[in-house]
Amino acid sequence: MDNSPTSLFESYEQDFQSIIGSIKQKVEVEAVAQTGEQRKATLRFVEMELDEADEMVSQMEVEIQGMPQSIKSKYQSRVKSSKSELQKWKKQAKDLHFAGARNELFSSRSNPSGADDPYADDEGRSQRTRLLQGNQTLADSTRRLEDSQRIALETEGIGADILTTLRSQRGQIENARDQLQQADSSIDRASGTLKGMIRRMYQQKIVTGAIITVLVLLILIILWEKLF
């Protein structure tokens, strides 16, 4: 398993490019050749894939927070490029939505059967009403999507702050551990010094006792010689 600080970023970026490739196929090839419900279904799939791609970009930004400062700017540029590409496909998908809605509206207005069908005007108004409702629903969905993106970005910012705090706390713990190790070393040195002092004290006591014993013997010998 690759434990390098960029491995997850690379994985998310590969997933992002794969999703973008699928979106490109649908937007530039499939949706262009389709009309009506087929195009709507394809664009719904595109919307879901755009959400997935957006999530991949968010994950890439989270991974950047844990990278060394020396390589962070390089990967930030790659995320910026991915965001620009994502926005491009979002705009193209939105343009296809509105183009399809506009074509349906013009089609209903240019229906040649309206002159002979007394119900044509009612049907046209009904279609326009449904189309306007569809546009309103699309606008509401877009607004909800933007709100979700905003919340995701706020959550991402909170997550980044938590990661920064955890890294700071880890540094403090490592510093405390180093200081504890230094204190242990100082205690060991002080203990060795104290043991040496005690050993020298006992040696001095023995030497002092020996000197006193020799002096006492000398005094006794001197007294013996004077008395006898």
Side-chain angles (χ1 to χ4, degrees), residues 1-23 48-90 143-216:
M1 181 177 178
D2 189 356
N3 293 321
S4 66
T6 62
S7 58
L8 282 176
F9 181 96
E10 301 287 353
S11 176
Y12 289 132
E13 189 175 40
Q14 288 178 2
D15 292 341
F16 173 81
Q17 293 299 334
S18 176
I19 295 170
I20 289 298
S22 177
I23 292 172
M48 290 188 291
E49 288 181 325
L50 286 171
D51 290 341
E52 292 179 13
D54 211 346
E55 177 64 22
M56 291 301 102
V57 171
S58 298
Q59 293 296 332
M60 289 157 64
E61 289 180 319
V62 170
E63 289 305 314
I64 285 179
Q65 301 301 321
M67 290 183 182
Q69 194 65 35
S70 58
I71 63 173
K72 187 177 290 187
S73 59
K74 171 185 175 182
Y75 287 87
Q76 285 174 335
S77 298
R78 287 165 66 170
V79 169
K80 184 177 180 181
S81 176
S82 297
K83 283 184 174 181
S84 299
E85 188 172 10
L86 180 60
Q87 289 301 321
K88 180 186 75 172
W89 292 112
K90 283 182 178 180
R143 186 171 61 255
R144 286 195 296 270
L145 178 59
E146 290 174 350
D147 291 340
S148 299
Q149 291 174 345
R150 177 178 53 79
I151 294 172
L153 290 174
E154 291 175 355
T155 304
E156 175 191 337
I158 294 172
D161 291 339
I162 292 173
L163 287 174
T164 301
T165 302
L166 289 175
R167 282 196 296 272
S168 175
Q169 291 177 349
R170 183 181 65 184
Q172 292 174 357
I173 291 172
E174 290 176 350
N175 291 335
R177 182 184 61 190
D178 293 339
Q179 292 174 357
L180 181 59
Q181 289 175 348
Q182 292 176 357
D184 287 341
S185 299
S186 299
I187 291 172
D188 290 339
R189 289 194 299 270
S191 177
T193 302
L194 183 59
K195 287 179 180 178
M197 292 172 65
I198 293 172
R199 186 169 58 253
R200 286 193 296 272
M201 181 184 67
Y202 282 124
Q203 290 173 349
Q204 290 174 356
K205 283 184 177 180
I206 293 172
V207 171
T208 302
I211 293 172
I212 293 171
T213 301
V214 170
L215 290 174
V216 170

Sequence neighbours left out, cut at 3.5 Å: what donor-acceptor pairs do the side chains of residues 48-67 make with other protein atoms?
{"from": "Glu49", "atom 1": "OE1", "to": "Ser22", "atom 2": "OG", "distance (Å)": "3.3"}
{"from": "Glu49", "atom 1": "OE2", "to": "Ser22", "atom 2": "OG", "distance (Å)": "2.6"}
{"from": "Glu49", "atom 1": "OE2", "to": "Lys26", "atom 2": "NZ", "distance (Å)": "3.4"}
{"from": "Asp54", "atom 1": "OD2", "to": "Lys90", "atom 2": "NZ", "distance (Å)": "3.1"}
{"from": "Asp54", "atom 1": "OD2", "to": "Gln149", "atom 2": "NE2", "distance (Å)": "2.6"}
{"from": "Glu55", "atom 1": "OE2", "to": "Gln59", "atom 2": "NE2", "distance (Å)": "2.9"}
{"from": "Ser58", "atom 1": "OG", "to": "Asp54", "atom 2": "O", "distance (Å)": "3.2"}
{"from": "Glu61", "atom 1": "OE2", "to": "Lys83", "atom 2": "NZ", "distance (Å)": "2.3"}

For Lys195 and Arg200, what are the C-alpha separation, side-chain angles and deciding distance, and is it a side chain to side chain contact (heavy atoms under 4.5 Å, CB included)? CA-CA 9 Å; Lys195 287 179 180 178; Arg200 286 193 296 272; over 6 Å; no
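Remark: side-chain polar atoms of Ser81 are not paired, donor with acceptor, to backbone N or O of Ser77 under 3.5 angstrom. Listed for the Ser18 side chain is no donor-acceptor partner under 3.5 Å among the backbone atoms of Gln14.
At a threshold of 4.0 Å, the pair Lys80-Glu85 does not count as salt-bridged, since none of the basic side-chain nitrogens sits closer than that to a carboxylate oxygen.
The distance from atom CD of Gln203 to atom CD1 of Ile198, rounded to the nearest 0.5 Å, is 12.5 Å. Once rounded to the nearest 0.5 Å, the distance linking CE of Met201 with CD1 of Ile206 reads 10.5 Å. Distance CH2/Trp89 to OG/Ser84: 14.0 Å, rounded to 0.5 Å.
A heavy-atom distance below 4.5 Å is not found between the side chains of Arg199 and Tyr202.
Atom NZ of Lys88 is surrounded by more than 12 heavy atoms from other residues, nucleotides or ligands within 6.0 Å. Within a 6.0 Å radius of NZ in Lys72, more than 12 heavy atoms belonging to other residues, nucleotides or ligands are found.
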